[in-house]
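Please read the structure below before turning to the comments.
Protein chains get the first letters and strands the later ones, always in sequence-line order, with residue 1 at the start of each. These numbers come from a predicted model, not from an experiment.
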Amino acid sequence: MPELPEVETTKRGIEPYLHNQSITKILVRQKSLRIPFNDNLKKHITHVKIKNIKRRAKYIVIDFANEYSMVIHLGMTGNLRASRQKKFLKHDHIIFYLESGNSLIFNDVRRFGLVQIYKTKGSFYLLDNNGPDPFEKKADVDYFYNRIKNSSASIKSILLNHKIISGIGNIYASEILFSTNISPLRMGRDISHTDCKKILQQSKIILNKAIKAGGTTLNDYFNAESKPGYFKIQLNVYGKEGEKCPSCESKISKITQSNRSTYFCKESQN
DNA sequence: CTAAGGACCTGTCGGC
DNA sequence: TGCCGACAGGTCCTTA
């Protein structure tokens, strides 16, 4: 899935298609997602102008010109594409037809993603669980340090904990730690204020690079025009077990932490 | 309370 | 070729 850069890229990709549009019809082919699509509310967002589209953590939020919003999460394998075609692909679960004749299609092989309509004012409960992403002002060094300074969890799993910092996924967690020379095994309580600063700086640099390049590439990621030409940013350690470390002579190791793969260099990261 | 493990679901790949 | 297990970008819920 999409980590933050892919979600941001998707949001930017679909934005022009949604500008000043309204949805004329919603076709639900499969509503069983991580949370079942609440299509009983679809009447509230059809024939209503789309007011705004934004990203919050790894969620894409569309606000309508009434009191409703819709949130989309891409899970591990979700994508959104704009299309004029009438032909559907396997796993095209929800289709939003637009006035323009385009449609916005939510496709998700593993169905870990979700689409939910909700009253803007009440907000959506899962969204509220997310801490700031590294680009938000709230995610400053003091905030981060204070959140982790007593923790006995590993820094790797802390980076994946979106209640603390949102937007960092399994690929970039390894990459960020490599670029700061910090071992993924270190506990939160052993991460200094200076280390926190480095981690936040590198998070922004690495995520930004990925956004600029248009999202990382993974097998299931399509950009909003469904062109397969997604790109690949240069990864230093993720997926590179046994290969030479870019900054020393030893080899990249792969370990499991909290049931997820972590890649790092035992020599250059401490 | 915290941190680790399991679950959700489908597809692909490597080994036997 | 075919079957089976391991693994995959996320994150919520349960267990210890």
Enclosure of A/K49 NZ (heavy-atom neighbours >12, cutoff 6.0 Å): yes
Pair A/S179, A/Q202: side-chain N/O donor-acceptor within cut-off below 3.5 Å: yes
Backbone N/O of A/P16 and side chain of A/Q21: donor-acceptor pair under 3.5 Å: no
Sidechain N-carboxylate O distance under 4.0 Å for A/R56, A/E136: yes
C/dA6 versus B/dG6 - spacing of their C1' atoms, nearest Å: 16 Å
For A/G242 against A/K251, the heavy-atom pair lying closest together: O-CD, 3.3 Å
Earlier contact from the 5' end, DNA chain C, for A/R110 and A/G167: A/R110
Cation-pi check, A/K51 onto A/F64 ring (under 6.0 Å, within 45° of axis): no
A/T24-A/E99 side chain donor-acceptor pair, cut-off 3.5 Å: no
Steps toward salt bridge (Lys or Arg N to Asp or Glu O under 4.0 Å) verdict (A/D133, A/R55): CA-CA 10 Å; A/D133 72 39; A/R55 178 186 59 74; 3.1 Å; yes
Atom-to-atom span, CG of A/N170 to C1' of C/dT11 - whole angstrom: 12 Å
Atom-pair distance (CD1 on A/I171; C1' on C/dA8), nearest Å: 10 Å
Distance (rounded to the nearest 0.5 Å) between A/I168 CD1 and A/L160 CG: 8.0 Å
Pairwise P distance for B/dC9 and C/dC3, with rounding to whole Å: 24 Å
ring-ring contact (aromatic ring centres under 6.0 Å, His included) involving A/H193 - partner list, sequence neighbours excluded: A/Y145
Expected output: side-chain A/N161 to main-chain A/K163 donor-acceptor under 3.5 Å: yes
May I have the list of side-chain donor-acceptor pairs in residues 184-191 of chain A shorter than 3.5 Å, sequence neighbours left out?
{"unit_1": "A/R186", "atom_1": "NE", "unit_2": "A/D190", "atom_2": "O", "d": "3.4"}
{"unit_1": "A/R186", "atom_1": "NH1", "unit_2": "A/N270", "atom_2": "O", "d": "2.7"}
{"unit_1": "A/R186", "atom_1": "NH2", "unit_2": "A/D190", "atom_2": "O", "d": "3.1"}
{"unit_1": "A/R186", "atom_1": "NH2", "unit_2": "A/D195", "atom_2": "OD2", "d": "2.5"}

Euclidean distance, atom CG of residue A/L159 to atom P of C/dT11 [Å, nearest integer]: 14 Å
Consecutive Watson-Crick or G-U pairs in runs of at least 3, all under 3.5 Å, in which DNA chain C is involved: B:2-8 with C:10-16, B:10-16 with C:2-8
A/M76 CE - C/dT11 C1' separation (whole Å): 9 Å
Separation of C/dT11 P from A/D108 CG (nearest whole Å): 12 Å
Option passing side-chain hydrogen bond (donor to acceptor under 3.5 Å, both in side chains) with A/N170 (candidates A/E3, A/K156, A/Q257): A/K156
Ring geometry between A/H93 and A/F106 (parallel below 30°, tilted from 30 to 60°, perpendicular above 60°): tilted
Length of the CD-P vector between A/E241 and C/dA8, whole Å: 10 Å
5' priority, DNA chain B, between A/R111 and A/A153 [closest heavy atom]: A/A153
What protein N or O atoms touch nucleotides 12-16 of chain C N or O atoms at under 3.5 angstrom, if any, and at what distances?
{"unit_1": "C/dC12", "atom_1": "OP2", "unit_2": "A/H162", "atom_2": "NE2", "d": "2.8"}

Within residues 255-263 of chain A, residues whose heavy atoms come under 4.0 Å of DNA chain B: A/S258, A/N259
Atom pair distance, as rounded to whole Å: CZ in A/F124 and P in C/dT11: 12 Å
Segment of DNA chain B, first to last nucleotide, that comes within the 4.0 Å heavy-atom reach of chain A: B/dA3 to B/dG11
